[in-house]
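Sequence lines set the chain letters: A, B, ... in the order given, protein chains first and strands last, and positions in each chain run from 1.
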There are 2 protein chains.
Amino acid sequence: MASVRSKVRGARVSIWLTGRAKGRRRGYAPAVGEADGLDLGKIVEATVRLLDAEGLGRLSMRRLAAELGVTAMSVYWYVDTKDELLELALDHAYAELDLPGEDGGDWVAQLRQLAHEHRRILVAHPWVSRLAGEYLNVGPHAMACVAAAQRAMRRAGLPEEALTGGLSLLFPFSYGFGGAGGRLAELCRAAGVTEDECYGEFVRTLREHPEYVQPPAAVDPVPAVLPAGHEQRDRDFNFALECVLAGLAAMRDRVAEQVRPTITPA
Amino acid sequence: MASVRSKVRGARVSIWLTGRAKGRRRGYAPAVGEADGLDLGKIVEATVRLLDAEGLGRLSMRRLAAELGVTAMSVYWYVDTKDELLELALDHAYAELDLPGEDGGDWVAQLRQLAHEHRRILVAHPWVSRLAGEYLNVGPHAMACVAAAQRAMRRAGLPEEALTGGLSLLFPFSYGFGGAGGRLAELCRAAGVTEDECYGEFVRTLREHPEYVQPPAAVDPVPAVLPAGHEQRDRDFNFALECVLAGLAAMRDRVAEQVRPTITPA
DNA sequence: ACCTGAACACCGTTCAAGT
DNA sequence: ACCTGAACACCGTTCAAGT
């Protein structure tokens, strides 16, 4: 019976759980003085550059190799598969987050900063949310981000057994919201349409086809799943984020009082 | 200068905004009596079946055609591109949601049901979250889902100008949480590993490499971004969902009092 | 140790042709 | 109106070979 590790490794659940097969020969950061020639750092940086410039759909190993002035198969000396490369690029993006320090500010300010930073990189790099949805996203920089949130929640007074629950609120929220924003921007850019024009078309479609959302019910006014401009989008994000923070505070108090969860309707 | 609609249509931002080019010849539901031969309904159903059985990565137009007992290019008579087909499959999945009725229960129960249903289909069909992250997801069934949430939030007493904000909390949360769960299950299934084994490996990796999450800080205890079993995962989802509901209630009251958002730290 | 070139088994999609 | 078959321009990856 094979060990769990060998099973996980063989199936490549994630490079962060199994280690990179070629990573032991040469580390992530190149030795000093190796200015010319390839190294993994240069490859990952070129990957991120291409992903930003042309999108996930246009990234091929051949295209990347051309960008590096090299043959397609050269990259495979540093990386086993394209998936592995994309996991590295994903975690590289999380290095961009400006995390709250150990001591800076109260927990509310820290969680606000984290959420805004998360949203920022998801919108700035639309490929990040798609890769985060494809891989486990447990690389060191992503984990540092989770650890920072965990510290803030502990500081908030959330009991230990509720920490994973709190993390399960904050990150899915910022990931979902930011990812949708990034993807919409990417789609509209590719279409040569502004986001406002896209939203207008959405509303017009609903008005022209009132049967559109039936069954079970007509939608009036139009549910805003698309943004009506950046200001509205920002307002929605801030409102939802304040709900998150208020909800965490309320649940902290509720758990402390050992009261069963009940919210008075209406 | 081209109209917005023609620009949007030409670039295929979404079939739901532009209409399907071939959809006017033949509707989504086939006429009665056309039992043999292809129709769009059969094609979408076969697509969903294949996506469930083999995953998004293994779905090709040739594979789908073989499943339908037909040539690859036959499908293209009913559909312009693979993207269009996947948008149809995506919305088809949202038809599975058991939505709360117009009258059933209070708003808290309705939103709980919506979130649980959303999570359920995301876990049952791991491809749904990846497609929802790739396309706009504004098809009729997805919109009916948003409309139901909007009704519940209005019933909760959330003012009109806060409705989009509330929707921007609930759906990104359930999407992010459910999508991660579905993807993990898919990865582990493909690897022949249980989710518990995968989590154990994750913890072991962190313990073996204490430098893993540095900088900026060591992580202790391990932040649980992976589930330690279904019960824990359920507890986390329920806790986070109660935060969402408590947060919505708190913000409703706060907006009603016209008080600026402030939460007492610690 | 590092990189190349040819080849394999695929893709989505176009196009002319069939019935 | 509906479906086919050949072809085009790609993919990720393997493998033997170069230096």
Side-chain angles (χ1 to χ4, degrees), chain A residues 10-12 15 20-27 30-31 33-43 46-47 50-51 54-89 127 131 134-135 190, chain B residues 10-12 15 20-27 30-31 33-43 46-47 50-51 54-89 127 131 134-135 190:
Chain A
R12 303 180 187 282
I15 56 171
R20 306 190 318 108
K22 297 176 176 176
R24 288 169 213 107
R25 278 187 281 178
R26 198 156 185 177
E34 304 191 40
D36 52 342
L38 281 185
D39 63 69
L40 190 57
K42 284 180 190 168
I43 291 174
T47 302
L50 272 182
L51 287 170
E54 310 184 356
L56 185 56
R58 302 188 101 87
L59 181 83
S60 73
M61 297 301 272
R62 288 170 170 89
R63 177 77 188 79
L64 172 64
E67 181 79 6
L68 289 162
V70 103
T71 280
M73 293 314 301
S74 303
V75 180
Y76 280 93
W77 198 86
Y78 298 88
V79 126
D80 274 340
T81 62
K82 190 186 183 184
D83 282 334
E84 182 176 316
L85 179 60
L86 291 177
E87 279 204 74
L88 292 170
W127 48 272
L131 294 183
E134 201 149 337
Y135 307 109
Chain B
R12 302 180 188 283
I15 56 170
R20 305 190 321 108
K22 296 176 177 177
R24 288 171 213 107
R25 278 187 280 178
R26 197 156 186 178
E34 304 191 39
D36 53 341
L38 281 185
D39 63 69
L40 190 56
K42 284 180 190 167
I43 291 174
T47 302
L50 272 181
L51 287 170
E54 310 183 357
L56 184 57
R58 302 187 102 87
L59 180 83
S60 73
M61 297 302 272
R62 286 170 172 89
R63 178 77 187 81
L64 172 64
E67 181 79 6
L68 289 162
V70 103
T71 281
M73 294 315 300
S74 304
V75 180
Y76 280 93
W77 198 85
Y78 298 88
V79 125
D80 273 341
T81 63
K82 189 185 182 184
D83 282 334
E84 182 176 315
L85 178 61
L86 291 177
E87 278 204 73
L88 292 170
W127 47 272
L131 293 183
E134 199 148 340
Y135 306 109

Distance (rounded to the nearest 0.5 Å) between [X] [atom1] and [Y] [atom2]:
X      : Y      : atom1 : atom2 : value
L86(A) : T47(A) : CG    : OG1   : 7.5 Å
L68(B) : L50(B) : CG    : CG    : 8.0 Å
Y76(A) : E84(A) : OH    : CD    : 10.5 Å
E67(B) : L59(B) : CD    : CG    : 10.0 Å
L64(A) : K82(A) : CG    : NZ    : 9.5 Å

Q) Is it true that R63(B) and E54(B) make a salt bridge, defined as a side-chain N closer than 4.0 Å to a carboxylate O? A) yes
Q) Below 4.0 angstrom, N of the basic side chain to O of the carboxylate: do R20(A) and D80(A) qualify? A)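 D80(A) and R20(A): not salt-bridged.
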(Q) Rounded to whole Å, how long is the line connecting atom OH of Y78(B) with atom P of dA1(D)? (A)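 About 12 Å, once rounded to whole Å.
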Q) CG of L68(B) versus P of dC2(D): gap in Å, rounded? A) 16 Å
(Q) Are the side chains of V79(A) and I43(A) in contact, using a 4.5 Å heavy-atom criterion? (A)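 No, too far: nothing below the 4.5 Å cut-off.
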Q: Let me have a per-nucleotide readout for nucleotides 4-19 of chain D, 5' to 3', with B, S or -, counting only protein heavy atoms under 4.0 Å.
A: BB-B---BBBB-----
Q: Fill in the dot-bracket string of DNA chain C, one character per base: . for unpaired, | for a pair to another strand, ( ) or [ ] for pairs within the strand, taking Watson-Crick or G-U pairs under 3.5 Å.
A: ||.|||||...|||||.||
